[in-house]
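Atoms within each ligand, like the ligands themselves, are counted from 1 in listed order.
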Amino acid sequence: MQHRNPQQSAPDDSIHAKVSAGSVEMEAGSEFISLRPKHLKEYVGQAKVVETLKIAIEAALKRKEPLDHILFHGPPGLGKTTLGHIIAEEMGVNITITSGPALEKGGDLLGILTHLEEGDVLFIDEIHRLPRVVEEFLYPAMEDFAVDFIFDKGIYARSHRYRLERFALVGATTRAGLLSPPIRERFGMFRTLDFYSANDLAKIARRSAALLDVNIDNDGAYEIACRSRGTPRIVNRLLKRVRDFAQVRGDGAIRKVTVQEALALEGVDEKGLTVLDRKFLTAVIDFYKGGPVGIEAIAATLQEESDTLMDVVEPYLLKIGFLTRTSSGRKVSEEAYRHFGLPIQQGLFR
Ligand code: ADP
């Protein structure tokens with residue numbers, strides 16, 4: 001297997017980025033410090049996924065073969081892209097990053113596929129949003145490492161078969177259900193990432209604080225963890241807001257009370273609910289008597305995209321039991337009423 005060339009420069013392409021593994025690293029002291037773990041041993045939580053990957057990577061390296069195609073599923077911010085980078089780093093290959101909606105025509109994908117080197121990782125985010133014509137290109141590419149490209153139309157149509165280097169496709173999706181069966185079946189591994197425990201999120205908060213050179217105590221880290229909706233990306237976002245607050249209003253150190261005060265300003269409550277989460281729940285309570293109500297009706301009331309509500313808002317509300325999904329629609333739970341201090345009407349939850 002051909003290994004990466006660290007000198008290789010990424011082509012100027014704003015939609016699809018080819019990154020030599022390791023090149024995403026930022027030097028401490030530069031303007032931007034990457035909080036992304038670069039190796040599996042730094043990746044916090046998701047123990048089973050990490051174990052599966054360790055075995056698969058070690059086996060592929062021993063056989064000097066590319067990794068099998070992998071599909072990661074889970075809500076945004078749980079670490080799917082991070083795993084794509086880690087896989088490339090651990091395999092010692094390049095990663096090319098693109099996303100379903102960025103690939104409009106078969107030719108877009110062909111350009112990327114023909115530039116892949118042996119063993120490279122191709123990461124496709126939001127793979128469930130690949131247009132059908134592009135998806136059909138991917139089937140033979142995944143299975144036979146070849147693509148048939150048809151030039152011209154009608155009697156002038158000519159087909160050319162391109163041989164590809166063997167690559168590993170890493171797909172990420174927030175909605176595995178929207179993926180067509182033919183593409184799903186071509187992945188050798190399929191793993192769902194779960195929301196993280198508060199302990200794991202606290203570990204991430206401490207790790208990120210150390211990278212940002214911010215002083216945080218255990219209670220401060222745990223408080224951020226509890227308000228991060230089970231999501232590492234939110235830990236990092238809240239940590240940065242609390243860091244600003246601590247520097248301006250305090251002595252720069254982050255303690256539990258610093259987090260409480262800073263996040264009250266951000267509109268993040270003690271359960272981690274954001275303004276949008278609360279708007280979602282109160283819309284169902286105020287306009288639809290707590291439900292059941294369809295997602296499209298909620299989206300219309302909030303003037304939000306239903307996809308955003310389904311991808312970003314609902315998974316965590318379902319996870320903490322503030323929302324339930326029934327065949328007739330979404331229902332707000334008794335716990336949510338209690339969280340808002342609202343009276344529970346007689347018979348509402350029978
Ligand atoms: P996704 O692709 O699932 O939307 P990302 O991989 O972009 O999520 O993760 C968002 C951020 O959260 C990353 O930049 C990284 O800093 C952090 N992160 C994600 N997972 C972990 C983890 N397991 N350990 C530490 N940090 C993590």
Side-chain angles (χ1 to χ4, degrees), residues 16-17 19 21-26 28 32-54 57 70-90 95-102 121-129 169-176 179 189-214 216 221-222 224-225 227-243 272 307-308 310-316 319:
H16 322 291
V19 184
S23 69
V24 282
E25 271 174 49
M26 295 288 153
F32 173 73
I33 295 170
S34 173
L35 301 178
R36 251 187 227 291
K38 289 168 191 77
H39 296 277
L40 266 186
K41 63 177 185 316
E42 297 167 61
Y43 192 87
V44 178
Q46 311 288 352
K48 278 193 184 152
V49 176
V50 169
E51 193 54 27
T52 313
L53 285 178
K54 249 191 215 159
I57 290 171
I70 308 180
L71 179 63
F72 293 120
H73 161 244
L78 291 197
K80 301 182 291 297
T81 311
T82 304
L83 283 175
H85 282 283
I86 289 177
I87 289 168
E89 183 70 35
E90 300 275 354
I95 177 169
T96 296
I97 299 167
T98 186
S99 78
V121 169
L122 170 61
F123 181 84
I124 306 185
D125 201 9
E126 295 189 79
I127 195 165
H128 61 277
R129 292 179 62 194
L169 177 66
V170 179
T173 178
T174 48
R175 304 250 210 103
L179 220 61
M189 287 179 268
F190 173 32
R191 290 290 176 274
T192 296
L193 301 188
D194 282 330
F195 286 111
Y196 290 63
S197 70
N199 281 333
D200 283 343
L201 295 172
K203 246 188 238 171
I204 293 173
R206 287 196 299 271
R207 177 183 175 274
S208 299
L211 288 170
L212 295 170
D213 201 17
V214 182
I216 189 166
Y222 197 77
I224 291 183
R227 294 173 183 240
S228 296
R229 304 176 92 253
T231 308
R233 179 180 290 140
I234 302 184
V235 169
N236 290 339
R237 192 170 72 219
L238 297 185
L239 177 67
K240 288 178 182 169
R241 296 291 66 76
V242 179
R243 172 182 67 164
D307 277 355
T308 309
M310 282 193 276
D311 286 350
V312 180
V313 178
E314 283 196 331
Y316 190 67
K319 160 90 182 165

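Of all the atoms in ligand 1, the ones that sit under 4.0 Å from a non-hydrogen atom of P76 are 4 (O). Heavy-atom contacts of P232 reach the following atoms of ligand 1: 12 (O), 17 (C), 18 (N), 19 (C), 20 (N), 21 (C), 27 (C) (cutoff under 4.0 Å). With ligand atoms numbered from 1 in the order given, ligand 1 contributes 16 (O) to contacts under 4.0 Å with heavy atoms of L35. Residue T82 has at least one heavy-atom neighbour below 4.0 Å for each of these atoms of ligand 1: 5 (P), 6 (O), 9 (O), 13 (C), 15 (C), 19 (C).
Remark: ligand 1 and L83 share no N or O pair separated by less than 3.5 Å (distance only, no angle test). Taking any N or O of E42, backbone or side chain, none lies under 3.5 Å from an N or O belonging to ligand 1.
For atom 7 (O) of ligand 1, the closest non-hydrogen atom of the protein is R233 NH2, 2.9 Å. Among all non-hydrogen protein atoms, the one lying nearest atom 4 (O) of ligand 1 is G77 N, 2.7 Å. Here the protein heavy atom with the shortest distance to atom 16 (O) of ligand 1 is N236 ND2, 3.1 Å. For atom 2 (O) of ligand 1, the nearest protein heavy atom (residue, atom name, distance) is T81 OG1, 2.5 Å. Remark: minimum distance from atom 23 (N) of ligand 1 to any protein heavy atom is reached at V44 O, 2.8 Å. Protein heavy atom nearest atom 8 (O) of ligand 1, with residue, atom name and distance: G79 N, 3.1 Å. In this structure, atom 14 (O) of ligand 1 lies nearest to the protein heavy atom R36 CG, 3.5 Å.
Minimum interatomic distance between I127 and G171 (heavy atoms only, all atoms of both residues): CD1-CA, 4.2 Å. The two residues L40 and I86 have their closest heavy-atom pair at N-CG2, 3.5 Å. The shortest heavy-atom contact between L71 and A172 is CD1-N, 4.3 Å.
Rounded to the nearest 0.5 angstrom, Y196 OH and I234 CD1 are separated by 12.0 Å. Within the model, atoms OG1 of T52 and CE of M189 stand 8.0 Å from one another, a figure rounded to the nearest 0.5 Å. Distance CG/L35 to CZ/R237: 13.5 Å, rounded to 0.5 Å. One distance of note links CG of L122 with CD1 of I95; it measures 8.5 Å at 0.5 Å rounding.
Note on ligand 1: F72 sits outside its first shell, no heavy atom being nearer than 4.0 Å. Using a non-hydrogen distance threshold of 4.0 Å, Q46 does not register as a contact of ligand 1. At least one heavy atom of P37 sits under 4.0 Å from some atom of ligand 1. Heavy atoms of A172 stay at 4.0 angstrom or farther from ligand 1.
Side chains of T173 and H73: no donor on one and acceptor on the other come within 3.5 Å.
Between K54 and E90, no side-chain nitrogen of the basic residue sits less than 4.0 Å from a carboxylate oxygen of the acidic one, so the salt-bridge criterion is not met. For K48 and E51, the salt-bridge test fails: no basic side-chain N is under 4.0 Å from an acidic carboxylate O.
Between the S197 side chain and the D200 main chain, a donor and an acceptor come within less than 3.5 Å of each other.
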